[in-house]
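Here the structure comes first, spelled out in structure tokens, and everything after it is commentary.
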Amino acid sequence: MAGTFQNKIYGSPLPAAATGIQIRDAIEADLPAIVDIHNAAIASRISTAQLEPVTIESQREWFRAHSPAQHPILVAEVEGVIAGWLSFKEFLPRCAYRGTVELSLYISEQFRRRGLGRRLLQEAIGRAPQLEIHSLVGLIFGHNEPSVALFRAAGFERWGLLPGIARVDQIPRDLTIFGRHV
Ligand SMILES: CC(C)(COP(=O)(O)OP(=O)(O)OC[C@H]1O[C@@H](n2cnc3c(N)ncnc32)[C@H](O)[C@@H]1OP(=O)(O)O)[C@@H](O)C(=O)NCCC(=O)NCCS
């Protein structure tokens with residue numbers, strides 16, 4: 001997808017092509033990198049309700065259940081390195097929710113604040129119509145300020161608050177629902 005990349009070092013947007021960034025559908029060979037990035041986020045305790053690290057083998061079935069034609073997994077690749085990923089997930093199994101998906105995304109710590117999260121989210125929004133998706137939601141811990149800011153910057157609004165429904169290391173955490181129609 002064409003676009004610009006906000007380069008924080010030089011302070012000005014650069015053409016995406018000039019920075020070696022590629023947003024593409026994930027392939028199974030990307031799974032180890034996807035799992036590494038996910039496990040680092042699990043350890044941070046801020047972004048996911050998954051509390052134990054996952055293994056590559058345990059995620060293989062999850063990966064294969066995502067088809068590019070229905071629920072893609074996208075990766076952001078920078079100079080050949082997988083720097084982040086985004087997944088589409090069925091929101092609820094009932095037919096009426098078929099056009100609604102939950103988005104999750106994770107950027108490797110060393111690649112954060114370079115516009116990759118924004119790029120992945122924009123790509124997901126751009127693909128939604130061809131996937132017959134009309135509504136996107138993100139389920140985000142209330143204390144996950146970077147993610148809340150990212151989703152807001154991409155035009156999502158807070159549609160819901162489920163107070164104190166998660167326990168992370170015995171601490172009650174709110175779950176917020178961010179959404180946007182496309
Ligand atoms: C949230 C996350 C995906 C953001 O990715 P990123 O590539 O660093 O974000 P970007 O550089 O594209 O930032 C886009 C906008 O998001 C907001 N943002 C991102 N990180 C932020 C932070 N640490 N603090 C405040 N705002 C932040 C800003 O509005 C930013 O725009 P700006 O840089 O022009 O100010 C990343 O921090 C991450 O992987 N966190 C752990 C996983 C997670 O929380 N996932 C969401 C749950 S599904």
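For ligands, and for the atoms within them, numbers begin at 1 and follow the listed sequence.
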Checklist outcome for this item: Atoms of ligand 1 under 4.0 Å from any heavy atom of Ser104, numbered from 1 in the order shown, are 48 (S)
Item to check | Proximal ligand 1 atoms for Tyr106, defined as those under 4.0 Å from one of its heavy atoms | outcome: 39 (O), 42 (C)
Checklist entry - What do you reckon, does Asn144 have a nitrogen or oxygen under 3.5 Å from a nitrogen or oxygen of ligand 1? => result yes
Checklist outcome for this item: Heavy atoms of Leu150 and Gly117 approach each other most closely as CD1-C, 3.8 Å
Checklist entry - Would you say Arg113 has any N or O atom under 3.5 Å from an N or O of ligand 1, going by distance alone? => result yes
Checklist entry - Among all residues two or more places apart in sequence or in another chain, which pass the side chain to side chain donor-acceptor pair (under 3.5 Å) test with Asp174? => result none
Next on the checklist: Would you say Phe151 ends up clustered with Leu175 if hydrophobic residues are merged whenever their side chains have heavy atoms under 4.5 Å apart, either directly or through other cluster members?
Outcome noted: no
Next on the checklist: Using heavy atoms and a 4.0 Å limit, tell me yes or no: is Leu105 in contact with ligand 1?
Outcome noted: yes
Checklist entry - Does any N/O atom on Gly117 come nearer than 3.5 Å to any N/O atom on ligand 1? => result yes
Checklist entry - At a 4.0 Å cut-off, with the gap strictly under it, does some heavy atom of Glu145 reach an atom of ligand 1? => result no
Item to check | Mutual orientation of the aromatic rings belonging to His38 and Trp85 [parallel < 30°, tilted 30-60°, perpendicular > 60°] | outcome: perpendicular
Next on the checklist: Tell me whether Arg119 has any N or O atom under 3.5 angstrom from an N or O of ligand 1.
Outcome noted: no
Checklist entry - Quick one: does Phe151 get an N or O within less than 3.5 Å of an N or O on ligand 1? => result no
Checklist entry - Any side-chain donor-acceptor pair under 3.5 Å between Thr55 and Glu57? => result no
Checklist entry - Against heavy atoms of Arg114, which atoms of ligand 1 measure under 4.0 Å? => result 11 (O)
Checklist entry - Taking the inter-plane angle between the rings of Trp159 and His181 on a 0 to 90° scale, is it parallel (under 30°), tilted (30 to 60°) or perpendicular (over 60°)? => result tilted
Next on the checklist: Going by the closest heavy atom to atom 30 (C) of ligand 1, which one wins out of Gln122, Arg118, Arg112, His38?
Outcome noted: Arg118
Checklist entry - Is His71 close to Lys89 at the side-chain level, that is, under 4.5 Å between some pair of heavy atoms? => result no
Next on the checklist: Please confirm whether Gly115 approaches ligand 1 to less than 4.0 Å, judged on its heavy atoms.
Outcome noted: yes
Next on the checklist: Quick test of your reading: applying side-chain hydrogen bond (donor to acceptor under 3.5 Å, both in side chains), list the pairs with at least one residue in residues 22-33, sequence neighbours left out, ordered by first then second residue.
Outcome noted: Arg24-Asp30, Arg24-Glu77, Asp25-Arg127, Glu28-Arg60, Glu28-Arg64
